[in-house]
Amino acid sequence: MNIAIGHHTLGCIEYGERNTIQANFDDVDIDLYISGHVHDPSHNITVNTSDNPFIELTSGAIFSDEYAVPGFVVVDINLDNGDATACYHIWNTSNDYWSVNNQVSRRTKHGKLEFKLERLSKEIDEDNLSIDSEEIDENEFKQFIIDFHEKLDFEGPTRSNLDNKVELDNKFYNMRCSATFQKRFDRFSRYFGTIYSIMESTAYVSSEKKDLIADIIIDKYLEYHNKYDNGDEIFSCIIDQIIQENENLFPYSKLVTKKYVKILTAWSIYECDIFNEDKRYVEQ
C-alpha cells in the first residue's frame, strides 16, 4: 500500500499542477492521499491518469474555532482485498469528548466511509500471471539479476553445465509438462536475451559468480524433483522455495520477485542439465 501526505487538498491546487501531481501519483501507484489545509473533514475519490482511482481523505483541524472543525480519521484497510473503512471523529466542544462524526457527507451518515483501494482489490493469481499482459521492465530485470549475484552467498563452483543443451521438446515430454506450462515457457523465453546480456559480460557480475543463479536453481531441482511426478509442480516448487528463502534480500515486491525468478528458472531449464528425468512411468 502506498500513501502520500500533503498539506493542501488537491482541490486547492491549480488545475495544471494538480494534473501533474496526479500523474506523479499514478507513476508510483499511490492508493491513499492524506491532506489538510481546509480545516474541514472531507473525502474524495480521484481518477488519475491511468483510470486507477485513489482516495483522498481530509481529517479536519487540531483546534476548534468559528472556522475550523476539530477531528481525526481512523482508517482500517484489508491489504488482501483492498476493502477499507474511514471512521471520522469530531470533538464535542460542549462536553469535551470525541465522538463519531456522521455529518461529513451523505456517504458518512453513519460516521464511516466505506471504500475500496482499487489497486489492492485486483485479484492477482501469481501462479497464472501472464507476461503477455504485463511487459517487464528490462532495466529493472537486469538490476535484479545483478542483485541476485551480489547479495547471495557464493559457496563454490557450480554443478551446472551451460554447454549441455537438451532438446526442450524431449524435456517437456519426459517431465510430463502441460501444454499451458510450455506456452508460458515460450513467453518467459522472450527475456532470455536480457539474461545473456548480463552473463556474457564482465561489466555486471564477477566471473566467479557467473553460475550462481544456475547453481541455486539446480540445487532446488535436485532437492525436490523426486517429490513430484510432473514438471509443472516441480517448477512451482522451485520458485516457491527460492522466494521463501530470499524474499527479504531484494527491494522488490513479492510479485515482481516471483516473476523474475520464474524467468530465471525457465532460462536454467533451457541452459542447464536439469529437467532430464522421465516422469512418464511414475506410478500414480
Side-chain angles (χ1 to χ4, degrees), residues 1-2 24 26-30 50 52 119-120 122-154 158 160 162-163 165 168 171-172 177 180-221 231-232 234-275:
M1 177 184 175
N2 298 323
N24 290 335
D26 183 31
D27 289 342
V28 293
D29 294 324
I30 292 299
S50 67
N52 293 319
R119 189 175 64 87
L120 300 183
K122 296 176 181 177
E123 295 183 359
I124 300 176
D125 184 347
E126 294 182 354
D127 290 332
N128 293 291
L129 181 66
S130 172
I131 290 185
D132 282 340
S133 62
E134 183 180 346
E135 296 291 333
I136 71 169
D137 182 331
E138 295 201 23
N139 289 328
E140 182 183 74
F141 184 38
K142 284 184 179 180
Q143 188 59 52
F144 177 85
I145 298 171
I146 296 169
D147 289 344
F148 209 126
H149 284 92
E150 295 301 321
K151 293 188 178 183
L152 296 179
D153 294 330
F154 183 67
T158 178
S160 66
L162 299 185
D163 294 324
K165 297 181 181 179
L168 278 176
K171 286 192 174 188
F172 294 151
C177 295
T180 299
F181 175 86
Q182 295 178 54
K183 289 179 180 179
R184 297 184 70 212
F185 186 96
D186 289 342
R187 295 199 292 270
F188 296 142
S189 69
R190 289 159 42 189
Y191 301 99
F192 288 178
T194 302
I195 303 174
Y196 288 124
S197 69
I198 297 290
M199 298 302 182
E200 294 174 359
S201 171
T202 59
Y204 302 103
V205 177
S206 57
S207 58
E208 68 270 16
K209 286 190 173 184
K210 284 292 185 181
D211 295 333
L212 177 57
I213 291 177
D215 191 48
I216 291 172
I217 293 171
I218 290 170
D219 282 346
K220 291 304 172 190
Y221 174 80
D232 296 34
I234 294 170
F235 182 85
S236 295
C237 182
I238 291 173
I239 306 302
D240 290 342
Q241 291 301 313
I242 292 176
I243 295 296
Q244 180 178 333
E245 294 174 9
N246 303 290
E247 63 179 333
N248 295 325
L249 292 180
F250 307 111
Y252 308 92
S253 69
K254 184 177 180 179
L255 179 62
V256 169
T257 301
K258 191 168 188 177
K259 181 164 53 177
Y260 292 161
V261 172
K262 285 180 180 180
I263 297 172
L264 289 169
T265 303
W267 173 80
S268 297
I269 292 172
Y270 177 73
E271 278 289 332
C272 303
D273 198 12
I274 59 174
F275 263 56

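Listed for the Thr257 side chain is no donor-acceptor partner under 3.5 Å among the backbone atoms of Lys254. Under the 3.5 Å distance criterion, the side-chain polar atoms of Lys220 are left unmatched by any main-chain donor or acceptor of Cys237. Side-chain N or O atoms of Lys262 include none that pairs as donor or acceptor with a backbone N or O of Phe188 at under 3.5 Å. Between the side chain of Asn2 and the backbone N or O of Val28, at least one donor-acceptor pair lies under 3.5 Å.
Shortest non-hydrogen contact noted between Cys177 and Gln182 is O-NE2, 3.5 Å.
We find the NZ-CG distance between Lys259 and Leu255 to be 6.0 Å, quoted to the nearest 0.5 Å. Separation of atoms OG (Ser268) and OH (Tyr221) is listed at 12.5 Å; rounding is to 0.5 Å. One finds the OG atom of Ser236 at 7.0 Å from the NZ atom of Lys258 (value rounded to the nearest 0.5 Å). Separation of atoms CG (Asp273) and CD1 (Ile218) is listed at 7.5 Å; rounding is to 0.5 Å.
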Checklist entry - Can Phe144 and Leu264 be said to form a side-chain contact (heavy atoms from CB on, under 4.5 Å), step by step? => result CA-CA 10 Å; Phe144 177 85; Leu264 289 169; 3.7 Å; yes
Item to check | Residues Phe185, Phe172; criterion side-chain contact (heavy atoms from CB on, under 4.5 Å); working and verdict | outcome: CA-CA 10 Å; Phe185 186 96; Phe172 294 151; 3.7 Å; yes
Item to check | Test side-chain contact (heavy atoms from CB on, under 4.5 Å) applied to Asn139 and Gln143, step by step | outcome: CA-CA 6 Å; Asn139 289 328; Gln143 188 59 52; over 6 Å; no
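Residues Tyr260 and Glu140 form a side-chain contact, since some pair of their non-hydrogen atoms from C-beta on lies under 4.5 Å apart. Looking only at side-chain heavy atoms (C-beta outward), Ile263 and Arg190 stay at 4.5 Å or farther from each other. Side-chain contact between Gln244 and Asp240 is absent, with no heavy atoms from C-beta onward closer than 4.5 Å.
Taking the ring centroids of Phe275 and Phe235, they lie at or beyond the 6.0 Å cut-off.
Relative orientation of the Phe192 and Tyr196 rings is perpendicular, given thresholds of 30° and 60° on the angle between their planes.
Considering Ile217, Ile234, Ile216 in turn, Ile217 is the only one that fulfils the side-chain contact (heavy atoms from CB on, under 4.5 Å) rule with Thr265.
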